[in-house]
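A quick note: this is a predicted structure, and the numbers were derived from the prediction, not measured.
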Amino acid sequence: MKTKELIRQVLDKWGFPLVQENDNSLVFRYQMNYIQANISGGEDSNAVALTLSGIFSADDEKEMFLGLRTCNDLNHNLLQVKLYIDSESDLIIASEFFYKSADDMEYLLNVSLRSVVVAKKCFIQKYNELEAEAKLMSELEQE
């Protein structure tokens with residue numbers, strides 16, 4: 001069975017309907033988030049990348065700096081998930097995995113989905129902490 005069909009089968013089993021489907025990707029809702037599952041390397045590949053976006057977009061240099069600092073801090077500690085800001089200043093959270101069997105697919109998809117949601121929560125928390133710290137430093141410099 002092809003990777004895309006395996007993902008679809010697991011999502012059906014879990015009761016998560018597809019929102020959108022393209023050649024090598026599926027978009028679905030998971031815990032109030034839109035997740036995109038991308039099959040890397042063609043339809044017969046066993047490599048899957050889950051991405052979560054639409055959480056944060058840097059509107060100015062300060063937000064970009066804080067966003068990148070947050071990503072760097074979290075990437076240092078997180079193993080399964082990586083965070084980065086793309087060329088359009090949007091945050092992308094990604095988790096990649098390779099599977100060997102249908103059972104592997106279900107297990108790894110579950111782990112990866114949980115990981116991207118945890119990473120989202122960590123990003124929001126860490127960004128807010130850094131933003132408060134930057135605001136405090138700015139106020140101290142003005143005194």
Side-chain angles (χ1 to χ4, degrees), residues 1-140:
M1 186 178 291
K2 295 189 186 290
T3 299
K4 192 171 172 182
E5 283 79 31
L6 278 174
I7 295 171
R8 190 180 303 116
Q9 185 179 41
V10 171
L11 294 175
D12 287 344
K13 179 180 175 182
W14 292 346
F16 296 123
L18 293 178
V19 175
Q20 184 180 0
E21 184 173 347
N22 295 324
D23 290 341
N24 287 320
S25 68
L26 303 166
V27 177
F28 57 96
R29 289 209 21 110
Y30 177 79
Q31 294 188 3
M32 305 294 290
N33 299 291
Y34 288 100
I35 306 285
Q36 183 168 348
N38 301 295
I39 294 89
S40 306
E43 62 184 35
D44 292 328
S45 174
N46 65 344
V48 178
L50 299 181
T51 57
L52 171 61
S53 58
I55 302 156
F56 171 83
S57 184
D59 294 328
D60 58 34
E61 193 173 304
K62 178 187 165 201
E63 287 181 353
M64 178 64 83
F65 171 76
L66 289 175
L68 289 172
R69 183 171 167 203
T70 303
C71 289
N72 290 340
D73 288 353
L74 292 174
N75 286 340
H76 179 72
N77 296 316
L78 298 174
L79 299 177
Q80 175 69 28
V81 178
K82 294 300 171 209
L83 298 92
Y84 59 94
I85 296 180
D86 68 8
S87 61
E88 295 176 2
S89 302
D90 295 325
L91 173 70
I92 306 289
I93 300 174
S95 174
E96 298 176 318
F97 65 89
F98 297 89
Y99 70 96
K100 292 182 182 179
S101 67
D103 290 337
D104 283 348
M105 167 62 79
E106 184 170 359
Y107 173 77
L108 292 169
L109 187 59
N110 185 29
V111 169
S112 289
L113 285 170
R114 289 175 189 236
S115 296
V116 294
V117 171
V118 167
K120 172 189 169 184
K121 291 176 185 176
C122 289
F123 178 87
I124 292 168
Q125 181 181 3
K126 183 71 174 173
Y127 182 85
N128 289 337
E129 289 171 7
L130 291 176
E131 189 175 42
E133 179 184 303
K135 183 178 178 183
L136 179 62
M137 294 297 287
S138 176
E139 289 172 359
L140 290 174

Look at the aromatic rings of Phe16 and Trp14 and report parallel, tilted or perpendicular, splitting at 30° and 60°.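 Rings of Phe16 and Trp14: perpendicular, over 60°.
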Around atom [atom1] of [X], are there more than 12 heavy atoms from other residues, nucleotides or ligands closer than 6.0 Å?
X	atom1	result
Arg8	CZ	yes
Glu96	CD	no
Asp23	CG	no

Could you walk me through whether Leu11 and Tyr30 satisfy the side-chain contact (heavy atoms from CB on, under 4.5 Å) test, starting with their C-alpha distance in whole Å, then the side-chain angles of each, then the deciding distance to 0.1 Å, before giving a yes or no? CA-CA 10 Å; Leu11 294 175; Tyr30 177 79; over 6 Å; no
For the pair [X] (side chain) and [Y] (backbone), establish whether a donor and an acceptor sit closer than 3.5 Å, ignoring hydrogens and angles.
X	Y	result
Asn75	Cys71	yes
Asn33	Ile35	no
Asn128	Ile124	yes

Under the side-chain contact (heavy atoms from CB on, under 4.5 Å) criterion, do Asp90 and Ser53 qualify, and how do the steps go? CA-CA 7 Å; Asp90 295 325; Ser53 58; 5.8 Å; no
Of the non-hydrogen atoms in [X] and [Y], which two are nearest, and what is the gap between them?
X	Y	value
Leu66	Ala134	CD2-CB, 4.3 Å
Ser25	Asn38	CB-OD1, 3.3 Å
Ser45	Ser40	OG-O, 2.5 Å
Phe28	Ala37	CE2-CB, 4.1 Å

Measure the shortest side-chain to side-chain distance between [X] and [Y] over non-hydrogen atoms and say whether it is less than 4.5 angstrom.
X	Y	answer
Glu63	Tyr127	yes
Asp104	Ser101	yes
Leu109	Leu50	yes
Thr70	Glu129	no
Val117	Leu113	no

Phe97: which of Val48, Asn46, Val111 passes side-chain contact (heavy atoms from CB on, under 4.5 Å):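 Output: one option passes, namely Val48.
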Would you compute the distance between atom [atom1] of [X] and atom [atom2] of [Y] and round it to the nearest 0.5 angstrom?
X	Y	atom1	atom2	answer
Glu133	Lys126	CD	NZ	7.5 Å
Lys100	Met105	NZ	CE	14.5 Å
Ser112	Leu52	OG	CG	12.5 Å
Leu6	Glu106	CG	CD	10.5 Å
Glu5	Asp12	CD	CG	11.5 Å
Ile7	Gln9	CD1	CD	11.5 Å

Basic-acidic side-chain contact under 4.0 Å: Lys4, Glu21: yes
